[in-house]
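Keep in mind that the numbers below use all heavy atoms, side chains included, and drop hydrogens, waters and symmetry copies.
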Amino acid sequence: MKNPKITRKITQGMYVLTTSGGGCIVDAVSRVGGSEQPLISVAVAKTNHSHKLLRENNKFALSVLGEDADPKIITTFGFNSSKDIDKCTECQTTEIEGVPVVENSLGYMICEKVDAIDTETHTLYIGRMVEADVLSDGKPMTYAYYQEHKKELTEAESKEDLTKSTTEQGKTAWVCTVCGYVYYGDEVPDDYKCPLCGLGKEYFKKQD
């Protein structure tokens, strides 16, 4: 593979996927049908804890992020695991149809899971939209916009806040060159897979 960064040219949106127990940032979301209750698909990496949560739950929500979204939403849902923190208490969320949705978003879709299609690294979950609303008329954040502004979005937390993390303090930061996920440790394990994009150790670069 010569340059996987070509995927950044795919103009997809940025969303917060939530279900009971947690959530994560996703970009591979599509509308499948055209009815009043359309089918919505979302791809989730198998290495992501939210993948396990979606296996166990029948409903999920997709909150649409705008370009003016609070960077804390990106860092909380994109660079932490629901195994370690309660993401929905770190950011402002409201429970609708039994599923948390992000308040600081352009809107949301609540879906009932109807199918799951396994691929090598991801599962494509398909849900029927049962509830939705528009909360703001702002400009949606695209994957291309995120890549262009990734540094300012992911480095919004102060250095003081970062040094308080007991799991990260004193460890080397390794950055995924494709999606920007940061792994903390002396070395990236040989069998490690990025929880966001599913790529391996060879795509991680030591942060200077």
Side-chain angles (χ1 to χ4, degrees), residues 5 7-20 22-34 36-45 48 50 53-54 59-82 85-111 122 125-158 161 175-176 178-182 194-197:
K5 292 182 180 180
T7 57
R8 297 179 184 179
K9 303 299 182 182
I10 300 174
T11 55
Q12 300 175 137
M14 297 290 288
Y15 308 82
V16 177
L17 167 69
T18 46
T19 190
S20 179
C24 63
I25 298 289
V26 294
D27 64 292
V29 174
S30 297
R31 176 173 173 161
V32 180
E36 290 185 3
Q37 291 184 302
L39 296 179
I40 306 294
S41 68
V42 55
V44 183
N48 198 311
S50 295
L53 296 176
L54 276 176
K59 283 185 180 180
F60 63 87
L62 290 162
S63 299
V64 184
L65 293 181
E67 290 184 356
D68 61 348
D70 185 349
K72 187 177 180 181
I73 297 173
I74 301 288
T75 56
T76 299
F77 283 93
F79 298 97
N80 294 280
S81 173
S82 296
I85 67 169
D86 185 347
K87 299 181 182 182
C88 294
T89 59
E90 293 288 327
C91 298
Q92 291 183 320
T93 60
T94 299
E95 190 169 289
I96 300 174
E97 293 285 328
V99 184
V101 300
V102 176
E103 291 184 6
N104 184 13
S105 65
L106 301 186
Y108 63 87
M109 296 167 276
I110 309 292
C111 299
H122 290 64
Y125 290 98
I126 300 174
R128 186 174 302 281
M129 192 171 73
V130 295
E131 180 63 46
D133 199 4
V134 176
L135 304 178
S136 171
D137 292 328
K139 190 173 182 180
M141 182 187 299
T142 65
Y143 183 66
Y145 179 92
Y146 167 74
Q147 289 296 337
E148 183 179 352
H149 299 272
K150 179 170 60 180
K151 186 174 181 179
E152 61 197 76
L153 287 169
T154 58
E155 293 183 358
E157 294 181 77
S158 68
D161 290 335
V175 183
C176 177
V178 174
C179 71
Y181 181 81
V182 182
C194 178
L196 289 187
C197 64

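Looking only at side-chain heavy atoms (C-beta outward), Ile96 and Tyr108 come within less than 4.5 Å of each other. In this structure, Ile85 and Thr76 have side chains that are in contact, with non-hydrogen atoms separated by less than 4.5 Å. Side-chain contact between Val16 and Leu62 is absent, with no heavy-atom pair separated by less than 4.5 Å. Inter-residue side-chain proximity for Leu65 and Asn104 is flagged as unmet; no heavy-atom pair is nearer than 4.5 Å. Residues Val42 and Tyr15 have side chains not in contact (no heavy-atom distance under 4.5 Å, counting atoms from C-beta outward). Side-chain atoms of Glu103 and Thr93, non-hydrogen and from C-beta on, never get closer than 4.5 Å to each other. Counting heavy atoms from C-beta outward, Val44 and His122 have side chains that stay 4.5 Å or more apart.
Formation of a donor-acceptor pair under 3.5 Å by the Ser63 side chain with backbone atoms of Val102 is found in this model. Between the side chain of Asn80 and the main chain of Thr75, a donor-acceptor pair closer than 3.5 Å is present. For Thr142 (side chain) and Gln12 (main-chain N/O), no donor-acceptor pair under 3.5 Å exists by modelled atom type. A donor-acceptor contact shorter than 3.5 Å is absent between the side chain of Ser30 and the backbone of Val32. Side-chain atoms of Lys87 come within 3.5 Å of backbone N or O of Phe77 as a donor-acceptor pair.
Atom CD of Gln92 has 12 or fewer heavy atoms from other residues, nucleotides or ligands within 6.0 Å. Heavy atoms from other residues, nucleotides or ligands lying under 6.0 Å from CG of Asp137 number 12 at most.
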*Given side-chain contact (heavy atoms from CB on, under 4.5 Å), test Ser105 with Leu135 step by step and report yes or no.*
CA-CA 7 Å; Ser105 65; Leu135 304 178; 3.9 Å; yes
*asked:* If you apply the rule side-chain contact (heavy atoms from CB on, under 4.5 Å), what do you find for Leu54 with Leu17, and how did you get there?
replied: CA-CA 10 Å; Leu54 276 176; Leu17 167 69; 3.6 Å; yes
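Contact record, Val101 with Ala61: CG1-CB, 3.7 Å, taken as the closest heavy-atom pair. Here the shortest heavy-atom pairing between Ile73 and Ile25 reads O-CD1, 4.2 Å. A pairwise comparison of heavy atoms in Ile40 and Phe60 identifies O-CZ, 4.3 Å as the closest pair. For the pair Leu53 and Ser82, the tightest heavy-atom approach, listed with the atom from each and the gap, is CD1-CB, 4.3 Å. Of all the heavy atoms in Ser41 and Ile126, the pair that sits closest is CB-CG1, 4.1 Å. Taking both residues in full, the closest heavy atoms of Met129 and Cys111 are given as CA-SG, 4.0 Å, listed atom of the first, atom of the second, then distance.
Taking CE of Met109 as the reference point, atom CD of Gln37 lies at 14.0 Å (rounded to 0.5 Å). Rounding to the nearest 0.5 Å gives a distance of 9.5 Å between NZ of Lys59 and CD of Glu131. One distance of note links CE of Met14 with CG of Leu106; it measures 13.0 Å at 0.5 Å rounding. Taking CD of Glu148 as the reference point, atom CE of Met141 lies at 11.5 Å (rounded to 0.5 Å).
Among the candidates Thr19, Thr18, Thr94, the single residue satisfying the side-chain contact (heavy atoms from CB on, under 4.5 Å) test with Pro100 is Thr18.
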